[in-house]
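Everything on this sheet refers to the single structure shown next.
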Amino acid sequence: MKSPFSDRLDRRTALKWIGTAAASSLIKPGAFALNSSPAAEPGVTIAAAYDGPGYGADPDVIKDYAPGELWPLTFDDHQRRTAALLCGLIIPADEHSPSASDLKIHDFIDEWVSSPYPQQAGDRKVILTGLIQLDVTSEARFGKKFVDLKSAQHAELCEELAIVKPEAAPDPSEAAKTKRSLQQFFRTFRNLTAGGFYTTPEGMKDVGYTGNVVLATQPKPPADLLARLGLD
Amino acid sequence: MPLITSSKTQPEYDVIIVGSGAGGGQTAYTLTMEGVKVLMLEAGRSYDPQTETAMFQTGAKAPLRGSSTPDKPFGFFDATIDGGWTSPGEPYVRASPGRANQFKWWRARMMGGRTNHWGRLSFRNGPYDFKPRSRDGLGFDWPLDYEDLESYYERVELLIGVYGENHGMENTPDSAPGVLQPPPAPRVGERLLKKRSADIDVPVVAAHRAVLTQRQDSKNIPAKLHPNNPKAQRVLREAMDSRAACFWATSCGRGCSIKANYQSTTVHLPPALKTGNLDIVPNAMVREVETDDAGRATGVVYIDKTDGTEHRVKARAVVLAASAASTVRIMLNSKSKRFPDGVANSTGLVGKYLMDTVGASVSGQIPMLENLPPLNEDGAGGAHVYAPWWLYKEQIAGKLDFARGYHIEMGSGKMMPKMGTGSGLEKFNGGGSWGKNFKQDVRRYHGSFCGMAGRGEMIPNEDSYCEIDSIVKDQWGIPVLRFYWKWSDHELNQVAHMQQTFADIISACGGRVLSGGPEKDRRDAIHPGGDIIHEVGGAIMGEDRRKSVTNQFGATWDVPNLYLTDGAPFVSNADKNPTLTLMALAWRSSDHLVGELAKGNI
Ligand SMILES: Cc1cc2nc3c(=O)[nH]c(=O)nc-3n(C[C@H](O)[C@H](O)[C@H](O)COP(=O)(O)OP(=O)(O)OC[C@H]3O[C@@H](n4cnc5c(N)ncnc54)[C@H](O)[C@@H]3O)c2cc1C
Ligand code: SF4
């Protein structure tokens, strides 16, 4: 995870904390070290709180939130349909749980890529570019956008993008480069789909997480499990 | 006497306490139970764990699935308000370049401070830990012995409730029978870690944490803690009866609305308020301690953050417990004719010998733990097991290339899924998967991971300190701290040893290392200063007033009615997490202060 520190302080923040007069003599545009502070050394930084848009440092943690409630969403109709389809391909319904699209995980992904925080900026770029690339590739190969492909065609693409075999030397061709960036997109999209899905009650049940309930005593693990692991 | 606003303060108090965390909470508790009239000033807002704790909330209903942001660096539900690695309105300066030399300063600006979300690991320092210099010639000795603090450890353990077990291990003190609460059983993966660690001679035992696994003995403990003080006994009995035992669900880092774990806001402050001897002003940002011509503290000046006004309050004694570095900041900002370099700083030592804990971690995946059946392993909301430092003999015999020990906090379990669940499986499932295969893989791997974190002793050094920055001020115009940091080879070599040991344990479990390990450069493996959030030192105690800031009771040598009861007077920072020791010392200092007040010395 990226450090939440502002390692390079921007000029606006510097001005805020050291005052306009001091700042103008101390800080050259683009260089944010406080050059005239005592014992000046390169690498001196001010750790100042994030003051960009977001829910702030004292949000209501009790209430429920829905995507779109705290900041506007990004996906247009086509992006949303593509994302929903991908969610359902990555996590389809089975005997254990519904699909990620049934649980509207694409709306969560929209919330994620629309986040005002710096942590999600990289994912935003990967996802929004990847959704376009996915259509470009679908059209080049099958003459149709991704949402209009047949299920065998979806499967063919997913198989190629989901499973990344190690390459001895990376193929320098344009086609290989595009494939690699689509694979990165797929991995990011899968991570987000999984994070969104497995944090729902349905997803928790699917992986066998049975906690978050009040109990009078600490539950014991099954004896046969301990025996199998040689821990009895 | 209750939670009040600035306009409602009394003209004079017996004692003013700055800060409401572990140190301030313990001090207020001890003083008010003895009838001392106290005003507590807390820079953060008031906070009610009973209504504000996100106990059962799940990621699905939280922004970004509850994952961390610059506004909430430990996640949306974490019980930290207006804090984190930065705090709104209160910047600080990091003056040492390079990743390993950074000092990161975690604060929580709220009633109860960091105790609302701390890890609750509560270990006693051992006899060696008070005399480190006598043992190996490095750092400093404390002006007291384990025996001086032993009864206070017991009192704090009985008051707050600590689970754990006695193992009779070297320099890892046992508690008297009946003092500790029963520990939780280890989770399945932790049983495996314990068994396989034993195979390579690393002893894994029950962790000690400030969590009630059963209700407190409210019949007998109050009389034990407050003999001959019926009022204190009654107040404490009531407070203990209002605390439930852990119900084996939720994560303690969010806080505990049923008061089953220790937070100052659920354990220290309610009985202290009940005595009628405590006023608390929240949003009160203390700027400086004022002294008279005789060099006695007369009170403090604070800014009321609700309207920016400046206030002066008076008392017979002042206690700083604002967290080590914040206490240093207040002292250095308290300049007067008599104390031109800051109050009680005639030695120039205020700000020196800042310490954190040495930290490094390794994570792994253990194939034996794949495909676990459905399990409820929430447990007591935190660590169940740990490995106390086990190589004292080798170390003193000179067989290791670092002077002080570390313990291992380890864990594995089928925990509540979060952002990150299902990520990274391509590393072991043949390059990645999708569809039903992917779902199968997530089921297979969930709960098969383990984490190990080393927590080691840092030796105080001349290059790790803080001072007032000459330029930067906070939102209220108060000058801020500027931090310098440096690790010595002792810490870096210790981290290399940690990385090797953790990889060995994972191998002993038949697992694979996922991050960290012996290949990792020790400078990359060591956490930056402050990252473990065990900030102590900066106003060390000692026997010699020329070489220390306070005496063994936390009373400053220069100003006898100014006490420090947070981590600032720590002389060393044993691998044992500092807060239990901090509270034991705060209780002892408070007893001393009560005595001085009674004798009329203050
Ligand atoms: C995530 C995390 C996990 C931790 N885990 C453990 C653990 O497992 N075991 C352990 O021993 N320790 C742990 N700690 C450390 C523990 O929280 C601290 O040691 C403990 O809280 C210190 O108590 P304190 O009273 O000194 O400071 P705090 O609890 O920080 O309280 C200080 C209070 O003073 C207030 N204050 C500061 N400046 C001013 C001012 N100028 N005027 C008025 N008020 C002011 C602050 O707002 C704050 O409320 C952990 C910390 C964190 C953050
Ligand atoms: S795990 Fe237990 S002690 Fe911790 S928050 Fe939950 S109920 Fe409280």
Side-chain angles (χ1 to χ4, degrees), chain A residues 4-5 17-18 22 34 37-39 41-50 54-58 61-62 64-65 70 89-92 94 112 115 117 119 158 162-165 187 191 194-196 198-200 203-204 206-215 218-219 221-222 225 229 231, chain B residues 54 56 58-65 69-71 73 76-77 81-82 85-88 91-95 97 184-185 188 191-192 195 247-249 368 372-376 378-379 414 416-423 426 431-436 438-439 442-443 446 469-472:
Chain A
F5 272 79
W17 294 119
I18 69 178
L34 297 180
S37 272
E41 286 167 289
V44 174
T45 52
I46 300 180
Y50 172 82
Y55 47 63
D58 185 10
V61 298
I62 302 298
D64 291 345
Y65 294 83
L70 288 171
L89 287 163
I90 290 169
I91 299 189
D94 62 6
W112 185 272
S115 158
Y117 293 111
Q119 272 102 332
C158 284
I163 305 162
V164 184
K165 295 289 173 202
R187 191 173 64 236
N191 289 346
Y198 290 105
T199 47
T200 63
M204 290 189 193
D206 185 320
V207 293
Y209 170 78
T210 59
N212 213 29
V213 288
V214 171
L215 299 171
Q218 187 187 10
L225 171 65
L229 297 173
L231 297 170
Chain B
F56 294 100
T58 59
K61 303 255 172 78
L64 303 169
R65 265 15 189 203
T69 65
D71 279 329
F76 189 69
F77 296 123
I81 289 173
D82 289 333
W85 300 118
T86 58
S87 178
Y92 58 95
V93 178
R94 296 175 299 160
V188 173
R191 293 172 197 235
L192 184 68
K195 183 166 183 216
F247 53 39
W248 310 104
M368 269 181 84
L372 291 174
L375 288 174
N376 180 343
D378 284 1
K414 217 164 164 70
M416 182 190 274
K418 53 180 199 288
M419 232 24 228
T421 297
S423 290
E426 59 276 6
S433 57
W434 66 284
K436 291 187 178 177
F438 178 62
K439 288 181 92 169
V442 178
R443 252 167 246 139
H446 185 65
D469 191 88
S470 61
I471 301 166
V472 182

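Letters A, B, ... are given to chains in the order of the sequence lines, protein chains preceding strands, and every chain is numbered from 1.
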Taking the side chain as C-beta and beyond, is there a heavy-atom pair between Met416(B) and Tyr198(A) under 4.5 Å?
no
Shorter than 4.5 Å, heavy atoms on both sides: which option in Gly56(A), Gly54(A), Pro222(A) has the most such pairs with chain B?
Gly56(A)
On a heavy-atom basis, the closest approach of Gln218(A) and Ala185(B) is OE1-N, 2.8 Å
Which heavy-atom pair separates Val214(A) from Ala249(B) by the least distance, and what is that distance?
N-CB, 4.5 Å
Any donor and acceptor pair, going by atom type alone, linking the side chain of Lys414(B) with main-chain N or O of Gly211(A) inside 3.5 Å?
no
Rounded to the nearest 0.5 Å, how far apart are OH of Tyr209(A) and CG of Leu375(B)?
11.5 Å
Whatever's closer than 4.5 Å to a heavy atom in chain B on Leu225(A) counts as side chain
Need one label for Leu70(A): side chain, backbone, both or neither, based on atoms under 4.5 Å from any heavy atom in chain B.
side chain
Distance in Å, Arg65(B) CZ paired with Thr200(A) OG1, rounded so as to fall on 0.5 Å steps
7.0 Å
Comparing Phe76(B), Phe77(B), Phe438(B) against chain A, the one with the most heavy-atom pairs below 4.5 Å turns out to be Phe76(B)
Derivation of the side chain to side chain contact (heavy atoms under 4.5 Å, CB included) call for Thr58(B) and Met204(A)
CA-CA 10 Å; Thr58(B) 59; Met204(A) 290 189 193; 4.0 Å; yes
Would you say Met419(B) and Thr199(A) make side-chain contact, with heavy atoms under 4.5 Å?
no
Rounded to the nearest 0.5 angstrom, the OG1-OH distance for Thr69(B) and Tyr50(A) is 8.0 Å
From Leu229(A) CG over to Leu372(B) CG, what is the distance, rounded to the nearest 0.5 angstrom?
7.0 Å
Is it the case that the side chain of Asn212(A) and the backbone of Phe56(B) share a donor-acceptor pair, with hydrogens and angles ignored and the cut-off at 3.5 Å?
yes
Nearest non-hydrogen partners of Pro91(B) and Ile46(A), listed with the distance:
CB-CG2, 3.7 Å
I'd like to know if the side chain of Glu426(B) reaches the main chain of Val164(A), judged simply by a donor and an acceptor atom lying under 3.5 Å from each other, with no hydrogens or angles considered.
no
Which of Pro63(B), Ser87(B), Gly422(B) touches chain A most, by non-hydrogen pairs under 4.5 Å:
Pro63(B)
Distance check, rounded to the nearest 0.5 Å: Lys439(B) atom NZ versus Ile91(A) atom CD1?
6.5 Å
Whatever's closer than 4.5 Å to a heavy atom in chain A on Lys195(B) counts as side chain
Which value, rounded to the nearest 0.5 Å, describes the distance between Leu215(A) atom CG and Phe247(B) atom CZ?
9.5 Å
Using a cut-off of under 4.5 Å for heavy-atom pairs, which of Pro219(A), Pro92(A), Ala194(A) has the most such pairs with chain B?
Pro92(A)
Minimum heavy-atom separation for Val188(B) and Leu231(A), please, with both atom names.
O-CD1, 3.8 Å
Contact part of Asp378(B) toward chain A, heavy-atom cut-off under 4.5 Å: side chain, backbone, both or neither?
side chain
Between the side chain of Thr421(B) and the main-chain N/O of Gly195(A), is any donor-acceptor distance below 3.5 Å?
no
May I ask you to name which of Leu64(B), Val442(B), Ile81(B) has the most heavy-atom pairs under 4.5 Å with chain A?
Leu64(B)
